[in-house]
Amino acid sequence: MPHFSLARSFSLSIHTKNSRLFTQHLPTTATSAEKFYTHMQKNPNNIEKSLSNVNAQLDSACVNQVLNRCFPSQSLMGIRFFVWAGLQSSYRHSSFMYDKACELFKITLNPSVFNDVIEAYRKEGCIVRVRTMKVLLNLCEKSGLADEALWVLRRMPEFNLRADSVMYNVVIRLFCDKGDMVMADNLRKEMGLIDLYPNMITYVLMIKGFCIVGRLEDACGLLMAMRRLGCTPNSVVYSVLLDGVYRLGSTERALGLLDEMEKDGGGCSPNVVTYTSVIQVFCEKGMMIDALGILDRMEAYGCAPNRVTVSTLIKGFCTEGKVEEAYMLIDKVVAGGCVSSGECYSSLVVELIRIKRPKEAEKLFREMLANGVKPDGLACSLMIKELCLEGHALDGFCLYEEIEKIGGLSSIDSDIHSMLLVRLCQESHSVEAAKLARFMLGKRIRLKTSSFDKIVEHLKKSGNEDLVKRFTRIGR
DNA sequence: GTAGGGTTAG
C-alpha cells in the first residue's frame with residue numbers, strides 16, 4: 001500500500017537521522033532514548049506508570065532524542081514523556097528544552113494538545129501532581145498561550161489539586177502580556193479569595209501591565225493597595241511604576257516619584273536599573289541633556305552607572321548623530337572607574353554600525369586592538385559581519401586574526417565563523433579560507449548547516465579534501 | 001519581578 005510505505009519510509013528516515021547523531025556524538029544517550037522510546041511503544045497505556053522502571057540515564061540530549069522520535073506521528077506521547085521527564089528528581093528541563101518542545105510540537109498552532117494530555121490522564125487514571133500541571137503551564141508560558149494556561153489552572157480541582165501563587169503569577173503574566181488586564185486583575189483578586197496572597201511578583205506584573213495599557217491610576221492604586229495589605233513596595237515595584245509614569249508622559253510626576261524613592265532611603269531606594277530606565281526614556285525622546293542630568297544625579301546619590309547605563313547613553317548620542325559627545329561621555333565614565341574602556345568603546349562600535357557609519361566603527365575597532373583594549377563579543381561579531389556584508393571578507397579575516405592575538409575570540413559564535421568562511425570562499429581567498437577552516441577544526445567549531453555545502457564545495461575545488469573530511473566528521 | 005546592544009546552542 002503506497003500510504004503505508006510512505007509512512008514507513010518517513011519514520012525510517014527520522015530514525016536513521018537520529019541514529020547517525022547518536023553514533024557520532026552521543027553514544028550513551030542514544031541507548032537511553034532508545035530504551036525510553038521502546039518502553040513507551042510496548043506500554044502505550046498509562047506510560048507514566050512504568051517509565052521510572054526504565055533503567056536509563058535521563059538528560060537533555062536524551063529527552064531531545066525521544067521527542068524527535070515521537071514527532072510527528074506520536075506527538076501526544078512525546079508531550080506526555082516530556083511532562084513525565086520534568087517530574088523526575090534526577091533531571092530538570094532547562095528553559096532551552098521547553099523551547100525545543102514547543103517548537104517541535106508546534107504548540108502555538110496546536111493549543112488543543114493541553115486538552116488532549118489532560119483528557120488522557122483522566123481517562124487512563126494517571127497520577128497527576130501539582131508539578132505535572134506546572135510543566136504544562138510552563139509549556140503554555142513558553143508558547144505565550146494565556147487562555148490555555150488559564151484552562152490548565154481551571155482543570156486542577158478535578159484532580160484534587162490546588163494552584164499556588166507561582167502558578168497564578170504565570171497565568172497573570174500571560175494575560176498582562178496579552179494586554180488583558182481585566183482577566184489579570186480578576187485572577188489577582190481570586191488569589192486573595194483562596195488564601196493565596198498576591199506577592200511582590202504579582203504586583204510588579206500587574207503594575208507593569210496597567211502602565212503598558214495606559215491605566216496609570218490603576219497602577220498607582222495597586223501601589224496603595226499593596227501597602228495597605230502589608231506588602232511594602234520595594235525598588236522593583238517603584239522602578240516599574242516610575243518607568244510607566246515616565247513613558248506615559250507625566251515627567252513631573254515621575255521625577256516626584258524618583259524624589260520620593262531617594263528620600264525614603266530604605267527598601268525602595270533607586271538602584272542602577274531605576275536610573276537607567278529613566279535615562280532610557282530621556283534618550284528615546286532625544287533629551288540628552290536631561291539624560292546626562294540623571295547620570296550626575298545617580299552618581300551624587302552614590303549609585304554607580306554600569307555597562308547598560310553607559311550603552312544607553314551612547315545609543316542616545318549616536319541616534320542623535322552626536323558621536324563626539326559619545327566620546328566625551330566615555331572619557332568621563334572611564335575616569336570614574338565603574339565601566340571599563342573596553343565595554344564603553346565596544347558599545348560605541350556597535351552603535352556606529354547600527355547608525356550606518358561602518359568606516360568609523362572599523363577605525364575605532366582597529367584603534368582598540370592597537371591599544372590593547374579588548375572589544376566584547378558583540379562588537380567583534382558585528383564588526384566582522386559588517387565587513388563580510390560589505391564584501392570585505394579579507395579585512396574581516398585580518399581583524400579576526402588580530403582579535404585572536406589578544407585572546408578575544410572565545411565570544412565569537414559559530415555563525416560568524418561560518419559566515420566569514422563562506423565569504424572568504426566566495427571572494428576566492430582560498431589561502432585564508434583554508435587557514436580559518438583549520439582554526440575552526442582545531443576549536444571543534446562546526447559549520448552552520450546552511451553554509452555547509454557551499455563551503456565544502458569550495459574547499460574541494462581548492463584542493464582541501466582533508467579539511468572537508470574533518471568537517472564532515474565533526475558534523476553540522 | 002525592574003534597564004538589556006544579535007543569534008544560537010544544550
Side-chain angles (χ1 to χ4, degrees), chain A residues 21 25-26 29 59-65 67 91-101 103 165-166 169-170 172-173 176-177 198-209 211-212 222 226 231 233-244 246-247 261 268 270-284 291 294 298 303 305-316 318-319 343-355 361 375-386 411-419 445-446 448-450 475-476:
Chain A
L21 265 174
H25 313 297
L26 311 156
T29 51
D59 58 28
S60 60
C62 162
V63 172
N64 197 17
Q65 293 304 324
L67 296 187
Y91 169 81
R92 227 187 157 81
H93 288 311
S94 59
S95 145
F96 176 78
M97 283 308 295
Y98 275 103
D99 279 337
K100 270 269 182 206
E103 189 196 352
S165 45
V166 177
N169 284 343
V170 168
I172 288 175
R173 180 189 293 112
C176 288
D177 288 347
N199 57 21
M200 203 72 83
I201 295 168
T202 321
Y203 287 113
V204 168
L205 295 172
M206 292 295 306
I207 290 174
K208 191 176 176 183
C211 288
I212 289 171
L222 268 190
M226 64 187 292
C231 181
N234 64 7
S235 302
V236 180
V237 175
Y238 266 99
S239 299
V240 170
L241 183 61
L242 175 62
D243 189 62
Y246 237 139
R247 287 186 187 280
M261 292 173 77
C268 65
N271 58 24
V272 62
V273 180
T274 321
Y275 285 113
T276 303
S277 67
V278 174
I279 287 174
Q280 195 192 50
V281 179
F282 276 130
C283 288
E284 282 170 9
I294 300 292
M298 72 187 282
C303 178
N306 64 15
R307 189 178 54 81
V308 183
T309 321
V310 180
S311 68
T312 304
L313 285 160
I314 291 172
K315 183 179 188 170
C318 288
T319 307
E343 290 173 311
C344 292
Y345 289 118
S346 292
S347 292
L348 186 51
V349 167
V350 170
E351 290 308 318
L352 285 169
I353 293 172
R354 194 182 58 81
I355 62 168
D376 66 16
L378 186 65
C380 293
S381 298
L382 291 186
M383 195 69 249
I384 291 174
K385 188 175 165 186
E386 179 64 30
S411 46
I412 298 182
D413 60 29
S414 76
D415 268 17
I416 298 288
H417 278 95
S418 288
M419 182 181 203
I445 299 170
R446 292 178 194 179
K448 214 182 144 191
T449 313
S450 56
R476 299 184 184 210

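For the numbers below, each heavy atom of this structure counts, side chains included, while hydrogens, waters and symmetry mates do not. We name chains A, B, ... by the order of the sequence lines, and we start the count at 1 in each one.
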**Report entry** A:T312: side chain to side chain donor-acceptor pair (under 3.5 Å) partners, not counting sequence neighbours
**Finding:** none

Query raised in the report: Please give, in whole Å, the distance from B:dT7 C1' to A:H417 NE2?
Result: 15 Å

Query raised in the report: Of the candidate nucleotides B:dG6, B:dG1, B:dG5, which contains the atom at the shortest distance from the side chain of A:M200?
Result: B:dG1

Query raised in the report: Looking at the side chain of A:R307, which of B:dG5, B:dG10, B:dA3 is the nearest nucleotide?
Result: B:dG5

Report task. Write down the atom of A:M97, the atom of A:N64, and the distance for their closest heavy-atom approach. Result -> CE-N, 3.7 Å

Report task. Could you check whether A:V240 gets within reach of a base, just the sugar-phosphate, or nothing at all, counting any heavy atom under 4.0 Å? Result -> sugar-phosphate

Requested in this report: Would you classify A:N64 as touching base, sugar-phosphate or nothing, given that sugar-phosphate means primed atoms plus P, OP1 and OP2, and contacts are heavy atoms under 4.0 Å?
Outcome: nothing

Query - Nucleotide B:dG4, atom P - distance to CG of A:N306 in whole Å - result: 12 Å

Report task. Could you pick out which residue, A:V237 or A:E351, lies toward the 5' side of DNA chain B when each is mapped onto its nearest nucleotide? Result -> A:V237

Query raised in the report: What does A:N199 touch in the nucleic acid at a heavy-atom separation under 4.0 angstrom: a base, only the sugar-phosphate, or nothing?
Result: nothing

Query - From OG1 (A:T319) to CD (A:E351), nearest 0.5 Å - result: 6.0 Å

Query raised in the report: Separation of A:M383 atom CE from B:dG6 atom P, in whole Å?
Result: 16 Å

Requested in this report: Give one of base, sugar-phosphate or nothing for A:D376, where a contact means two heavy atoms less than 4.0 Å apart.
Outcome: base

Report task. Indicate yes or no for a side-chain donor-acceptor contact from A:S418 to the backbone of A:K448 under 3.5 Å, with no hydrogens or angles considered. Result -> yes

Query - B:dG6 base / A:D413 side chain donor-acceptor hit below 3.5 Å - result: yes

Query raised in the report: Checking all strands, does A:D243 fall into the base, sugar-phosphate, or nothing category for heavy-atom contacts under 4.0 angstrom?
Result: nothing

**Report entry** d(NE2, A:H93; P, B:dG10) in whole Å
**Finding:** 17 Å

Report task. Measure the shortest side-chain to side-chain distance between A:D376 and A:E343 over non-hydrogen atoms and say whether it is less than 4.5 angstrom. Result -> no

Requested in this report: Remember a base hit wins even if backbone is also touched, and classify A:S346 as base, sugar-phosphate or nothing at under 4.0 Å, heavy atoms.
Outcome: base

Query raised in the report: What is the distance, rounded to the nearest whole Å, between atom NZ of A:K208 and atom P of B:dA3?
Result: 4 Å

Query raised in the report: With sugar-phosphate meaning primed atoms plus P, OP1 and OP2, does A:D415 contact a base, only sugar-phosphate, or nothing at under 4.0 Å between heavy atoms?
Result: sugar-phosphate

Query raised in the report: Choosing from B:dA3, B:dG6, B:dG1, which nucleotide comes nearest the side chain of A:N234?
Result: B:dG1

Query raised in the report: Which nucleotide in the list B:dG4, B:dG6, B:dT2 gets nearest to the side chain of A:Q280?
Result: B:dG4

Report summary line: Taken to the nearest whole Å, CD/A:E284 to P/B:dG5 is 12 Å

Query raised in the report: What is the distance, rounded to the nearest whole Å, between atom NZ of A:K315 and atom P of B:dA3?
Result: 13 Å

Query raised in the report: Can a donor-acceptor pair under 3.5 Å be found between the side-chain atoms of A:R354 and the base atoms of B:dG6?
Result: no

**Report entry** Nearest-Å distance for atom pair CG/P, residues A:L378 and B:dT8
**Finding:** 14 Å

Report task. Look at the side chain of A:S239 and decide which nucleotide, out of B:dA3, B:dG10, B:dT2, has an atom nearest to it. Result -> B:dT2

Query - Residue list, side chain to side chain donor-acceptor pair (under 3.5 Å) with A:E386, at least two apart or on another chain - result: none

Query raised in the report: So which one's nearest nucleotide on DNA chain B is more toward 5', A:T312 or A:I201?
Result: A:I201

Query raised in the report: With no angle test and no hydrogens, is the base of B:dG5 tied to the side chain of A:S347 by a donor-acceptor pair under 3.5 Å?
Result: yes

